Amino acid sequence: MITLIKGFHDILPDDSPRWEFIVRTAAETLRRFGFREMTPPIMERTELFERGIGELTDIVEKEMYTFEDRNGESLTLRPEATAGMLRAVAEHSLLRKEPVLKVFTIGPMFRRERPSKGRFRQFFQVDAEVVGDDSPFTDAEVIAAAHAIMTNIGATGLMMEINSVGCPECRARYRVVLQDFLRAYLTELCDDCRRRYERNPLRALDCKVARCEEIARDAPLILDHLDESCRSHFQAVQDALRMLGIPYRIEPRMVRGLDYYTRTAFEIVHEELGRSKAVGGGGRYDSLLKELGGPDVGGIGFAIGLERLSMGLSDDDPRFTRSIDVYVAALGDRAQPEAFRILDLLRKAGIAADTRYSTKSLKAHLKVADRFRATRVVMLGDNELERNEATIRDMNTKEQFTVRIENIVAFLQGAES
RNA sequence: GAGGGUGUAGCUCAGUUGGCAGAGCACAGGGUUGUGGCCCCUGUGGUCAGGGGUUCGAGUCCCCUCACUCUCCCCA
């Protein structure tokens, strides 16, 4: 048997109603916030991710599905959506038409990591971006949109964590302060943190190794080293969140894995999965679009992992059960062609109808209709056929009606309401 | 990349000191010649992950391989 690629997964028919609900709810919520859908391809030139995400990040260094096209060009399956979204914004000059652009996309991302609970090599994200606006209200609105998606889907046990990583100038100043502090502990830090000491010392703050955590507890915080404009921006974001009633917690040691974030950064954490497997995350990027060849304006965005979001939902929600409107039961070979024709009429009238040709006895037909959760059954046998009629059974009340064949569609539509 | 755990029917899992391959659910048929859900009966379905070894005999003991899964690093 040929099997699934490791870390990939099928969404089976029984899973689809629940999945479709999540995707639809996310899209509806974002449209309510003024976002419009945009769908870039799932494959881009490798250089886009190297430039956009940062060459020194884990994602670009070791997690990308990169391969050579037949003409020798290096292509990569997208590991996240923002780079492709901003590429499209720049390439089509969308900001000339609309100086503040709010867009979202939903689709699969690919990262070649070791799979585990809630972590896959292909996973779906809903990704939203606001480009061309620096207002702290925009930051709060984006966080509110992420929160609304999860509230509307009904996920529980979630927490919004926020931080400010400052503008590039603040960060450069803070980095020196942090390095001064860490220098005394260099021999005690884990290998990774020591390796990153020069290039990216901030990551030590987020390390999960016990000793590193202890050290990080006493480290100076970037929040205490922001300049006036960054500090007032962060304060304004919090004020706006409180106005909206969004529950949040300041996480002063949060550092995100993508290089492009500036100022506001946030994560959505699930109590069961813990902080190392966020359900969603995002932040502001003030120079990314320019880096990708677009105008020099800032933006902010977030991504939510749909599989992880789905884990916060209960399994037996009645919204997710299958159902059709009408089942057509043909009894005997003479009735079958007529039933076949009726089935087609029902479908053309917009009624969700189905049958099973290999089922013969009425008892078996009704069992199938029951399993399909059909609300009504059209029964057609020799008795009915002779009189040009059909029997229609209401599966809930067990009431039965005799209806002339040419009136079946009208009868079913009339009883619809 | 490092370290644990688990592989028996479509699914969830029993399987005793090594002695005929099992249950529940699901599926199909029947109990009712044309009336579902509950109940009862019957049936279909197995390379016991794969390979090798020990043994009269291996699902069970030993070795190897593979797959899945969880934890850590990191991300959604």
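Each chain gets a letter, A, B and so on, in the order its sequence line appears, and its residues count up from 1. These numbers come from a predicted model, not from an experiment.
Remark: A:Thr46 engages A:Glu50, A:Met64, A:Thr66, A:Ser74, A:Thr76 in a side chain to side chain contact (heavy atoms under 4.5 Å, CB included) (not counting sequence neighbours). Applying the side chain to side chain donor-acceptor pair (under 3.5 Å) criterion to A:Thr391, with sequence neighbours excluded, gives A:Glu384. Every residue was checked against the side chain to side chain contact (heavy atoms under 4.5 Å, CB included) condition with A:Ser287, not counting sequence neighbours, and none meets it. By the ring-ring contact (aromatic ring centres under 6.0 Å, His included) test, A:Phe137 pairs with no residue at all, sequence neighbours left out. Considering only residues two or more places apart in sequence or on other chains, A:Glu44 meets the salt bridge (Lys or Arg N to Asp or Glu O under 4.0 Å) condition with A:Arg87. Under the rule for a side chain to side chain donor-acceptor pair (under 3.5 Å), the partners of A:Thr264 that lie at least two apart in sequence or sit in another chain are A:Asp139. Remark: A:His9 engages A:Glu307 in a side chain to side chain donor-acceptor pair (under 3.5 Å) (not counting sequence neighbours).
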Strand RNA chain B in bracket notation, Watson-Crick/G-U under 3.5 Å with | for pairs to another chain: (((((((..((((.....[..)))).(((((.......))))).....(((((..]....))))))))))))....
Could I get a table of every N or O pair under 3.5 Å where one atom is in the protein and the other is in nucleotides 24-30 of chain B?
from, atom 1, to, atom 2, distance (Å)
B:C27, OP1, A:Arg371, NH1, 2.9
B:A28, OP1, A:Arg356, NH1, 3.1

Collect all protein-nucleotide pairs involving nucleotides 1-11 of chain B in which both atoms are nitrogen or oxygen and the distance is under 3.5 Å.
from, atom 1, to, atom 2, distance (Å)
B:G3, O6, A:Arg114, NH2, 3.3

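Note on residues 162-175 of chain A: no pairs pass side-chain hydrogen bond (donor to acceptor under 3.5 Å, both in side chains), not counting sequence neighbours. The salt bridge (charged side-chain N to carboxylate O under 4.0 Å, His left out) analysis of residues 354-371 of chain A, with sequence neighbours excluded, yields the pairs A:Arg347-A:Asp354.
Comparing the P positions of B:G52 and B:U60 gives a spacing of 14 Å, expressed to the nearest Å.
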